[in-house]
Amino acid sequence: MALHPGGANGEPPLKKHKPSPSPSHGPGAASADPATIQRQRQALPVYRLQARLTRELTSRPTLILIGETGSGKTTQVPQFCHQAGLTKTGLVGVTQPRRVAAMSLAQRVADEMACTVGQKVGYSVRFEDCTSTQTKIKYMTDGMLLREAISDHLLRRYSTIILDEAHERTVHTDVLFGIVKKVQKIRRAKNLPELKIVVMSATMDVDHFSRYFGGAPVVYLQGRQFPVQVYYAKQPQEDPVFSSLVSVTQLHQTAPANQDVLVFLTGQEEIESMVKNLRDVGKDLPGCPRLKVVPLYASLPVQQQMEVFRETPPGQRKVIVSTNVAETSVTLPNIKFVVDSGMVKARHHQPGTGLEMLRVQKISQAQAWQRTGRAGRQSAGACYRVYTRAEFDAMSRDTVPEIQRCSLASVTLQLLTIGVKDVRNFDFLDRPDAGAIDGALRELQLLGAVTSAEQPELTPLGRRMASFPLDPKFARAILASKDHGCTEEVVTIIALLSADIILLTPPSNREAALAARQKFVAPEGDMMTLLNVFRGYRKVQKNKEWCRENYLHERHLAHAAEIRRQLLQLCAQAQLTVGSSGQNTEPVRRSLAAGLFPCAAQLTRDGHHVTVGTNQKVHIHPSSTLFMTRPACVIFTELVQTSKKYMRGVCLVDPDWLLDAAPEYFRTHRLHVES
DNA sequence: GAGCACTGC
């Protein structure tokens, strides 16, 4: 999300930094008064444990640190490592699940070490490497370290890897658990300098981590969290959204002004309706503080996102109605009360069918506690759970890690590239379904990235595919575009597909949006339409006003442009000549088909479509430019299950191209070619 | 004739 709040540890807001060649101790190098900074450091709970931590860090290969919010572990432990001499043999790398956190933490620690970001302390995130030869401590996104492992299997640049926010269990962190464990063992066997591993987590499930890392010692760090009183519903509630509304209303009538409320709901629609209801209710309550209700979700325009940080005027009350962005990604100030609906919208992936689903489900106990904690950041607070104690007890204790819920094609290809030969028996902290790994290997085999699904050996093609930070299907399409002389077009389309939604259709201006879209619409479908949008965007030199007039998401277009730039750079590195086919879309669609053939569908006699690989009845999504048309054969980027199974990102192709792309595959799968 | 939790390379 584009917000720049303080991160999970109360860091200052993000600033843009470039490495500076000036000496680190020059005047004005740090952005705050050094004495204040040192006072703040010494007040952190973790500071008192420096001696013990230093002892453990130097004497043990692996350490688990459990720290509550506000313990200061994320900023201090890397510095302790540095002071203990661990940076003499290599970098201390600290991973974060989010870019903003990596960048702002580097800034904070650079201030503490009285240097400029990019010198002793740096960061590395996608599109931005702010490190230098002087760098000793490097904050980075977990995905970035995983990318580095592709070119440096043994992580030789690092003496220490700190995996922070381990409890969040992102796919990247989960894979890194296995990688660092393996690297530590290999380096030991080869008599190379030892790799220190530090896992930092807020989890209660300590044994799980410790057991996985061979009984590694655990150090507990106290936090600076205020107590939060938890209240449960007396009876199970039929409609958690309505019950949340009632809870907020009651709170509002009893609690003093300037005690702000945070409500957790599942999605945009629900949030907007709750915001409207609360505003209505707020008007009709005499004698209550004035109510300021603000929504918060990731797709909200930045300007409106910033509303949540604005200080509540005296005598008023702010109610923030949010998705789970407020659980981890955004730290909100001054929250006294949390109202927890107990529900969340989560993505699920069905390995056999390639189906993606967004499902509203109950949260885990871990999530419930995370939400609760949001009320105790600045003072004691209260959390109102809109479910009973019994319902809470029945919730699963931990959130199912992402690696067990997503497609593994990309991860599997990465593991193979890093040198993990037997992916099925990779040492996962929590093993994904065997079926999911098999499905990923089958897909990689179809794409020509591995020799066989049973005994997978990476092919040269697979190695080239892995150099792109993309779903293997997309990487395959880019590599195929070389033969068709249209890499420029394919890269552009894939960059646009990798970004978030570009075409906006606000319900209030639906007609105008659709009318504005007409000039971009291509008869071949969504991918070509997006290409036209991007060409227009470039023609007006990325003009923001133009984006607004045409109902295009400017921020997402800019992001797509950045991805495009990176992909073109990678093409150059892979000696892929970037040709263009101009107005001819056939070579482009042929290339796309060469990667996306596992996602193809054909028209049946009764007017709907059937997927070629898995024989499912599917429909063209109403947001597609091909909706209401009946193309004989299409490829698509995503299959979404809602009221029906919908194809999104649809592109008209010729069945012959699919046959060309994967003759073997289509010999065993139904494909009708009209003659 | 629908509906967009959230990150990330």
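All of these numbers come straight from a predicted model, not from anything done at the bench.
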- request: Round to the nearest Å and state the distance from A/Lys644 atom NZ to B/dG3 atom P.
  value: 10 Å

message: Salt bridge check, A/Glu148 against A/Lys138: does any charged N sit closer than 4.0 Å to a carboxylate O?
response: yes

task: Just compare B/dC9, B/dA5, B/dA2 and give me whichever is closest to any side-chain atom of A/Thr505.
output: B/dA2

- prompt: Among the nucleotides B/dA2, B/dC9, B/dT7, which one has an atom lying closest to any side-chain atom of A/Ala298?
  reply: B/dT7

- request: Return yes if a side-chain donor-acceptor contact under 3.5 Å exists between A/Arg510 and A/Thr505, otherwise no.
  value: no

message: So if I take every side-chain heavy atom of A/His172 and compare against B/dT7, B/dG3, B/dG8, which nucleotide ends up nearest?
response: B/dG8

field: Side-chain donor-acceptor contact under 3.5 Å, A/Glu128 with A/Tyr123
entry: yes

- prompt: Pick one for B/dC6: is it syn, with its angle within 90° of 0, or anti?
  reply: anti

task: Among the candidates B/dC9, B/dA5, B/dG3, find the nucleotide nearest to the side-chain atoms of A/Arg147.
output: B/dC9

query: For the pair made of CD in A/Glu562 and C1' in B/dG8, what is the distance, rounded to whole Å?
result: 14 Å

- prompt: Between A/Leu408 (CG) and B/dC9 (P), how many Å, whole number?
  reply: 19 Å

- request: Please tell me which of the listed nucleotides, B/dC9, B/dC6, B/dA2, lies nearest to the side chain of A/Val125?
  value: B/dC9

- prompt: Nearest of B/dA2, B/dG8, B/dA5 to any side-chain atom of A/Gln268?
  reply: B/dA5

B/dC9 OP1/OP2 closer than 4.0 Å to side-chain N/O of A/Thr141: yes

- prompt: Quick check, are the ring centers of A/Phe209 and A/Phe177 under 6.0 angstrom apart?
  reply: yes

- request: Give the rounded distance in Å between these two atoms: CG of A/Leu504 and P of B/dA2.
  value: 21 Å

task: Whole angstrom is fine here: how far is it from CE in A/Met647 over to C1' in B/dC4?
output: 19 Å

- line: Nearest-nucleotide check on DNA chain B, A/Met628 vs A/Asn324; residue mapping nearer the 5' end is A/Met628

task: Take the protein atom CD of A/Gln569 and the nucleotide atom C1' of B/dC9, then report the distance between them rounded to whole Å.
output: 14 Å

Contact under 4.0 Å: A/Thr170 side-chain N or O vs B/dT7 OP1/OP2: no

task: Check every atom of B/dC4, B/dC6, B/dG1 against the side chain of A/Arg510 and return the nucleotide holding the closest atom.
output: B/dG1

query: Can you pull the salt bridge (charged side-chain N to carboxylate O under 4.0 Å, His left out) pairs that have at least one residue in residues 168-182 of chain A, sequence neighbours excluded?
result: A/Arg98-A/Glu168, A/Arg169-A/Asp174, A/Arg169-A/Asp430, A/Lys181-A/Asp427

query: Quick one: A/Glu272 CD to B/dC4 P, roughly how many Å, whole number?
result: 15 Å

message: Taking any heavy-atom pair under 4.0 Å as a contact, classify A/Tyr646: base, sugar-phosphate, or nothing.
response: sugar-phosphate

task: Walk me through it: do A/Thr74 and A/Arg108 pass the test side chain to side chain donor-acceptor pair (under 3.5 Å)?
output: CA-CA 10 Å; A/Thr74 307; A/Arg108 174 69 198 183; over 6 Å; no

message: Taking any heavy-atom pair under 4.0 Å as a contact, classify A/Ser410: base, sugar-phosphate, or nothing.
response: nothing

task: In whole angstrom, give the distance that lies between atom CG of A/Asp526 and atom P of B/dA2.
output: 17 Å

message: Strictly below 4.0 Å: does A/Ser299 bring a side-chain N or O up to OP1 or OP2 of B/dC4?
response: no

query: Any idea which of B/dC9, B/dG8, B/dC6 is nearest the A/Arg347 side chain?
result: B/dC6

